[in-house]
Every structure is written in C-alpha cells, then in structure tokens.
Number of protein chains: 2
Amino acid sequence: MKRNTWQRDAVRAALDTQLGFVSAQNLHSSLRTTGSHIGLATVYRALSDLASEGEADSLQSPEGESLYRACSSGHHHHLICRSCGLAVEVEADDVEVWAKKVASLHGFSQAEHVVDVFGYCSSCVPAVKESA
Amino acid sequence: MKRNTWQRDAVRAALDTQLGFVSAQNLHSSLRTTGSHIGLATVYRALSDLASEGEADSLQSPEGESLYRACSSGHHHHLICRSCGLAVEVEADDVEVWAKKVASLHGFSQAEHVVDVFGYCSSCVPAVKESA
DNA sequence: ATCGCTTTTGACAATCATTATCAATAAGCC
DNA sequence: GGCTTATTGATAATGATTGTCAAAAGCGAT
C-alpha cells in the first residue's frame, strides 16, 4: 500500500514553489536550505513517483539531467527559458495531429512525442547579436 | 588547426553504417569489433565534433544517454523506433511554424525546439495489448 | 624526406547524476 | 498500544561522460 509521508508532501510542496524545471539535486538543496532533513534518494524517489502519477512533468535537459516540474494534468508541452528556467505550458494541437500523422504514415505504432521549445524569455534576452 | 586522423574518419564511417541512433559507447564497441583500436574518449570527442559541425544529429534518449546519428544537413526531426533504434528523418514544417508562433507569442527569442516522435516501427510492433 | 611545432590520441582517473542496498524508522490498521 | 510492512536515508555501486597528460601522429616549412 502507498503511504503518506511528510517527505512526499515536502517534495510536492517544493515543486509547487518552483516556476520552472528543477533537477532532483537542486530540489534537494532547496529543501535542505529550508531546514528539511530529507534525504537525496528520497527526493529522487518522490519525483519519480510524482512523474509517473502525472503530478509532475519531466524532461531531459540538454546536459542529460532529468528535470521536473509540477504541472497541470493533461497532455501539454513547454516553452522553456534557457537562462532562468521559466517554463510556460503550451497547447500544441497542431503538433499532436502532425505527430500522429507522421507516425502512422511510417507504420509506427504507440507513438509518443517529445516537443519542447527552448529560448530566452523577455526578461532574459541576452546581449547577443543576431549571429545565428 | 583541425587535423585529419584515421580515427575521425573511422567514427564518421561507422556512424554512416548505422541505421538509427547509437550511443558513443555502442559505436566504440562496434569499432572495436571491426578491429579498430580506437579509444573510447576519442569516439566521444569525434562524435561531439561531428555534432557541432552539423555532420551528425544528437539527442538524449529517455534514459539520459546521448545518441548520435549521421544525418542529412538541414533542419529536420526524427521518428525513432524504441525497439530497434531505426530513425526516419521527417519534415515538420507545421511544427516549425507552430514553434515560432508560440515563442514569439510569449516573448521568447532565439527559440530552438526539440521535436522527436518515439514509437514502434512496423517490424517491431510488440505483442502488447492496447492498454494505454 | 625530415624537422619541429601542435594537435590529437588513449589509458586511466575523476566527476556527476542516478540507482541499489539494507538496517532502522514510521504509516496505517487491528 | 502493537504489528506488519512500506519508506526512509546514509552510503556504496553503477555507468556515462569528461579531464589529464605523456606519447604519438599530422601538417607546413625546410
């Protein structure tokens, strides 16, 4: 049976306070900073659980870390700021349709897709010339 | 100055023989199997170089490994078989448009996107019931 | 073809995120 | 209050990737 522990609640709560995606390591640090004595492995477990229960979204950063974020339920995608980590949930009906079409066109089944847009949010526009 | 070494060529060649995405580790094994004495670190370096020169595509597997594949130049996305690794390059004009629109709508600049579809190709359809 | 300067290699150590281990602890149920 | 068992947490283990650095090539000039 699944039990309710304060650790699990703490992780959920900590995740809620975050505006963007966080790594398990970072979330653990945050929790420690706020005085919690929660263990690192527990944070990993809690995040992993939350993600599989649909209470959190997870994605891989370009560096290969797993990042998590509290999310509204349902299928959606993200627009993520490379600088501050701010994440905006976006609808992508067009993309859903496209993904299904492409998959079936090539005989693929059980298609899932990874769709995320990375950029700099209006507060973080870096002082970089238009070079690319 | 950048030098031409047989190692670099070997990695390029090995990558060309692959139908789908491979990890650096796997590619290294393959090379060893074919008799090459190339070092692991060198394979990592070569792949990383190829990727930044645009001669290879790279993406993160759901497990967090970096996967590489020789690719045609230009921007495109992939339809990847979870079982055999087969990767099909697909156009995604609709998605390009959508990504730009969403980014500008939220004030994001320098937007890049990650769009990949994972599924099972027709040869790999697993004997799994429609449970999800 | 050789010399010399530099880049590249490769074996191995180091790093870093994540997972496994397992005894101690604490939930939920009686 | 106890009992049973899931959960915790400190730490070890794992596994991919990167750093290190002496030895081994590349490439241009001679």
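In what follows, every heavy atom counts, from backbone to side chain, and hydrogens, waters and symmetry copies are set aside. So that the names make sense, note that chain A is the first sequence line, chain B the second, and so on, each numbered from 1.
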*What is the distance from OH of A:Tyr68 to P of C:dT18, rounded to the nearest Å?*
7 Å
_Any carboxylate oxygen within less than 4.0 angstrom of a Lys/Arg side-chain nitrogen, looking at B:Arg8 and B:Glu55?_
no
*Would you check if there is a donor-acceptor pair between the side chains of A:His77 and B:His113 at a distance under 3.5 Å?*
no
*Between C:dC29 atom C1' and A:Asn4 atom CG, what is the distance in whole Å?*
15 Å
_I want to check something: taking the side chain as every heavy atom from C-beta on, are A:Leu67 and A:Gln60 in contact at a cut-off of under 4.5 Å?_
no
*Is A:Tyr120 reachable from A:Ile80 through a run of hydrophobic residues whose side-chain heavy atoms are each under 4.5 Å from the next?*
no
*Give one of base, sugar-phosphate or nothing for B:Gln25, where a contact means two heavy atoms less than 4.0 Å apart.*
base
*A:Leu47 CG - D:dG9 P separation (whole Å)*: 14 Å
*Please state how far atom CD in B:Gln60 lies from atom P in C:dA17, giving the value in whole angstrom units.*
14 Å
Any protein N or O atoms within reach of nucleotides 8-10 of chain C? Criterion: under 3.5 Å, listing atom names and distances.
unit_1: C:dT9; atom_1: OP1; unit_2: B:Thr5; atom_2: OG1; d: 3.0
unit_1: C:dT9; atom_1: O3'; unit_2: B:Gln7; atom_2: NE2; d: 2.9
unit_1: C:dG10; atom_1: OP1; unit_2: B:Gln7; atom_2: NE2; d: 3.1
unit_1: C:dG10; atom_1: OP2; unit_2: B:Gly39; atom_2: N; d: 3.1
unit_1: C:dG10; atom_1: OP2; unit_2: B:Thr42; atom_2: OG1; d: 2.8
unit_1: C:dG10; atom_1: N7; unit_2: B:Arg45; atom_2: NH2; d: 2.4
unit_1: C:dG10; atom_1: O6; unit_2: B:Arg45; atom_2: NH1; d: 3.3

*Examine D:dT18: is either OP1 or OP2 under 4.0 Å from a nitrogen or oxygen in the side chain of B:Tyr44? Give yes or no.*
no
_Residue pairs involving residues 38-74 of chain A (criterion ring-ring contact (aromatic ring centres under 6.0 Å, His included); sequence neighbours excluded)_ = none
*Can you check the A:His28 NE2 to D:dT11 C1' distance for me, whole Å?*
13 Å
*Please determine if a side-chain N or O atom of A:Ser66 lies less than 4.0 Å away from the OP1 or OP2 oxygen of C:dT18.*
yes
*When the distance from CD of A:Glu65 to P of C:dT15 is rounded to whole Å, what number comes out?*
17 Å
_According to a hydrophobic-cluster definition based on side-chain heavy atoms being under 4.5 Å apart (Ile, Leu, Val, Met, Phe, Trp, Tyr only), do B:Val102 and A:Val95 belong together?_
yes
